[in-house]
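Please read these numbers as outputs of a predicted model, since none were measured by experiment. The sequence lines fix the lettering, A, B, ..., with proteins before strands; numbering per chain opens at 1.
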Amino acid sequence: MSFAEDSHSAAPGGVQANKLSGARKNAEPGQNAAKRLQTELMQLMTSPAPGVSAFPSADGNLLSWRATIEGPDDTPYSGLTFKLSFEFPSNYPYAPPTVLFRTPIYHPNVDFSGRICLDILKDKWTAAYNIQTVLLSLQSLLGEPNNASPLNGEAAELWDKDPALFKTKVMDRHKDVEDD
Amino acid sequence: MPAAVASQWRDRQRQVFQSVFQTDIAQPTPQPTSSILFSATGQPFDRPAASLADKQQSTQSSRGYRSRGQHAFQSKTLGPSLHTASPPPLPSAAATISDDQAAYDRAWDIVTAHIALPSSATADDAFGSTPTATVTTTGTLAPELQPQQQQQQMTSRRRRGQDRDATTSVSASTFSSPGSGPGSSEFYEAFSLLVNARALLPHATRTDDVLTWHVRRVHAHFAQHVIPLLAGCVDEAGGGGDGEFGDSGGSDGKEEGQQEDQADAQADRHRRTARQERGKGNYYEKHMVIVMTSIRTLEAALRLYFFGMDQLLSGFARLADVAPEAAREAHLANARFRRDLHALISASVPRGLMRSVKAVLERLASTILGIPSRDEVHLGSEQAARPAAPGPDDLKVQAARERLIELVQQLHNVGLTSERFQVLFAEVMDFLMSEFVVGAYASLWTAPDAPPFSTSMDTSSRSAAQSVASPCIASLNDWVENHFARLSFEVLACIANSPQGPLPVTLADLKTYQSLALGRLAALRIRELFDIVLAWPESRPALEDLRATITTAARRKQLTDSFSRDLQTRLLHPGCSTLEILQTYISIIRTLYALDPSKVLLSRVEPGLRLYLCQREDAVRIFLAGLLASSDEVRAAEKAKEAWKRQADTTSSHATAASTVSRLGPRATNLAQLGLLLNKSVSTQGQSRSSRAAPAPSSDDADLDWSDLSWMPDPIDAGANYKRPRRSEDVVGTLISALGSEDVFIKEFASVVAERLLALVDPAQRFEQELRVLELLKRHFGEASLQACDVMIRDVLDDSRKVNAVISGRGGAATAAARRGGRVSTTKTTTTTTAAGGEEDGMEYRARILSRLFWPGLEREHFLLPAVVVEQQQKYEAGYEGLKSRRKLTWLNQMGQARVEIELQDRTVTVDCSPVEATIVYAFQTADDGNLDEDVGAVVQKSVEELYEQLQMDEDLITAALQFWVGKGVLRRIGGANSSTYAVAETLDEEPDPTVTAATTIEPSAADDQPMEEEPAVATVGTNQSMSAKERERREIYWRYIQGMLTNASASMPLAQMAMMMKMLISDGFPWSNEELQDFLGEKVAEGLMEVVGGKYRLVKK
């Protein structure tokens, strides 16, 4: 979380911070990662998936992305839009990106600081995944939470017990983040 | 007369004299005093000693007394003032003194009267015109002119030292009598008295030297009368025309005039040029008059002066035995007198006169040197206006030469050939040399009288050619030697003081002249280099000039600098098409290579050109098109060029090379010559390789070619990383390396080749040119990077043909029918299937199988093909899949060609067209399977909307195809210009006849085996379509980028940041400029998809 906030606060125009992060990232052997991310971006643009989109952050750092997921219909999140941040390690795609919800979300597998519990972002990650698949997985996670290993126990309970209350909580929790 | 003051002055005067003229040993030398008075010897009259003279004026008597013969001439340039300052007689006079004095005075009067100068003698022009008469009548003229003379002198009294002149003049009038009979004996007696005054009249204390007196008189006379007269000559002649000569008045203005002379020289020349054009022939004559009257005036004056001198000299001569000292001195003095008089004249000549002299010189010299004067240029034809070395027996030249020599002789006689004249002459010669070089050789590349230079000079024999001077240089050297130097010699010999002196023009001088002329030729050629390039190869001899003259690094630098400047102003601007630039570039490569085989010059000129070509997006495309030009196209281009040349020859070929490159010739549509070049280079390469193989087996290693006898060291101005180029022009190679990066080039080549491969229908086509170019590019870029092109060519050449053969063979002989080269792309590598057209349809169907991954720009355009074709496609597909399993065909319906035969009521039309067009016209066939019932009376008509529904084709394509058919006269638009309904034009009548029934069948026609010509119109349409489709897609992608950016990265962004991110993130590069992006975003804003808030763009929230 702290990292995400860092880069978030840096994004609006903290030149100094941008430079620092850029220098740090570029100093590492991140060229392959950058190239791969560029290709992925092209794929995202040429064959976009409905309801999800992603783009590198405005500071021009390819290893830091922002993404948007629209809540799927027939779920409590229908009609809502969620913002996420992706931070890619320099050895991407051989290590998973760090993905956080920046929009507050009430979800069994997401904690209050936006961290996500999803196996493909952890130990199940393979280089075959890409941003689009991650986003689509997250989108489906919204409709089908993994209640077996919740980060938000209350939400996991309410999901099955009281969908109406769950929906209310979702709406309460949801708040559009105005980036920048 | 206050004697005390006078003696004071006298003493001082003597001190001054003695301090300087220490030869006067009669008296002890007083203490030295400053010699400032004499430092000013060169000054004109009455300047330096003015103040001194003014004071002395009051004390002196009307005559000078001192006898200081040996000093007189040294000091005389101080002017009369100094001498009139002679001391008064000593007061210790006795009776004998007065007697002696009187005798002396009488003798003095006689002598001076005899040689007195009529002060206004030269006022009469006629006086000078009869030289022989004048000498004898000098004496008589004086009394005749007496009143006039007195009057003049009265008016000029303001001049100091005038009084004495007046008295002598008066006395002269009384004493001098016509003839010299009794006068002369009297004169000689008096003269001997004067000369021997010290012995004969010891008591005459107030004595003076008559020589000195004469000199003073002459100077005063010259200043008072001759100079104004000279000015008058100039004024008189020049005053009528304009005010130019009005300012050249008298002696007062002359110093000023001298200084101005040089400053004005340049402006003067221009003014004169302008005037010349107005005045034409008058100009020269006018100046000639000025010069001649001036000369006559001076001659007359000099005769006067020398007459007096001669008289005195003869006096001395008679006394030679009595006073040998004095006689010798007199001779010395005479020489000095003449020399000083000449100096005086040349220093006091009015500016206008020198100008006239210059004009006359220029005119005569230019005639002699064979440079036509400007008025001749206007009168004569243009051809005749070129300067050329005149023949040896040209009468006009001989006349001019005689005239000039005579003139110079005259000028020399009157002392006008001093340094000033020499400078003037040098200026004239310099000017004429430039004139000649520019006039004779500007944009003329073979010597006028030389046989046309053989253009067959092989570059390999350049070392031999180098030693041979080019025709221009040869003729120029000849001109310098036989005309220029000769003229210089003659004129300078004329004005040389002693004929025994060193030759005025030596051989070394001649060499200097020649090198000067060559330098000018080089400067001219450098200025013309751009035109030389444009006129290549006709301009080849000019390059020889350049090569012979560009020998120093400084000149090479001057050449490249000047040429680069020319390039910027004349070529690298938006007014020139890329084609023109490339053509010029080719010429530049060849020209500069011929000029400098080391290519250093080329490399110095190139960067700007390359940089500019990078901005031309179509450069690579045009270049490739040129490379790929077929031999037919090359021939056509050559023919066109020749035709143009002929035409240019007949029309005025003298049109100046304007700043455009229109001289390039016809607007060739491509660089067909490149293809020619390529062919040539391939063949010559083969030859040279085989020929060189024997003597130098390791000839690949150019650096180690020990047997290369024409080896030259690297030019001194080569850069540090200079590498010796291969020994050929290598136009193609240079261009390839100049035209940007490998990637761009290969990409462009692939698309060009794709287009050509698909456009050509002739199955026998072997694509030799393409293959050759491919090989060439492979040499440059390596095999791997051109793999895609290999695959493409193989697709078309081998695989498709094989598959077609197999499938059509299976389906039976496809003899009938229109061909449809539908394009097929498989998802994997390629293979082919041929669906043999059902013979009952009379239709032949062939496919080309393209490997999807290797072909650029394959866009699918969706529309419905006619059922018959679809049927063929399916058959073909089936056959293909039988042949190659696990491959899939994707039909690209919009590509390919179709031959359509349309049977109309009164005619049959056979057209090669694109599938789109074929589909459209097929739709006008009746719906019922092409079997139009002849009883159906209605002409088929359809609107765009109907076609759109029926074919699911893009409306733009429909419209374009309809226009195509309207153009072919097959369809016509019904119901006004705005209607979108078209009908079949069954007859060629304008009037649509509803009763006409016709069979409008679009019947697949029998294909003949003749090679089909590529239909350019179709090709272009196809290209445009696919290009615009590509462009549309690109914009769509960009739009997604922008959406993604504004959705995720930041909700609102300024334009510059967006452009920057696009550039950074799009891997293929983002070719748009900020302005283009702004336009694009502007469209989106107009569509309501975006908005601009506070200078930042953001998406409109739904």
* Asked: Under the 3.5 angstrom rule, does the side chain of B:E1076 hit a backbone N or O of B:S1073 as a donor-acceptor pair?
  -> yes
* Partners meeting salt bridge (Lys or Arg N to Asp or Glu O under 4.0 Å) with A:R173 (sequence neighbours left out) -> none
* To do: Tabulate, in ascending numerical order, the residues of residues 41-49 of chain A having at least one heavy atom closer than 4.5 Å to a heavy atom of chain B, or enter 'none'.
  => A:L41, A:M42, A:M45, A:T46, A:S47, A:P48
* **Option in B:M1045, B:M1058, B:M1061, B:M1064 with maximal non-hydrogen atom pairs under 4.5 Å from chain A** => B:M1045
* Structure fact -> Ranking B:L1065, B:I1037, B:I1066 by heavy-atom pairs under 4.5 Å to chain A gives rank one to B:L1065
* Establish, yes or no, whether a centroid distance under 6.0 Å links the rings of A:H107 and A:F101. => no
* Taking the six-membered ring for Trp, is the centroid-to-centroid distance between B:F1080 and B:Y1038 below 6.0 Å? -> no
* Under a 4.5 Å heavy-atom cut-off, does chain A meet the side chain of B:M1060, its backbone, both or neither? -> neither
* Between A:Y92 and A:W125, what is the ring plane arrangement, given parallel below 30°, perpendicular above 60°, and tilted in between? -> tilted
* Hey, what's the ring geometry for B:Y1041 with A:F55, parallel, tilted or perpendicular (30° and 60° as the breaks)? -> perpendicular
* Asked: Does some side-chain heavy atom of A:T98 sit less than 4.5 Å from a side-chain heavy atom of A:R115?
  -> no
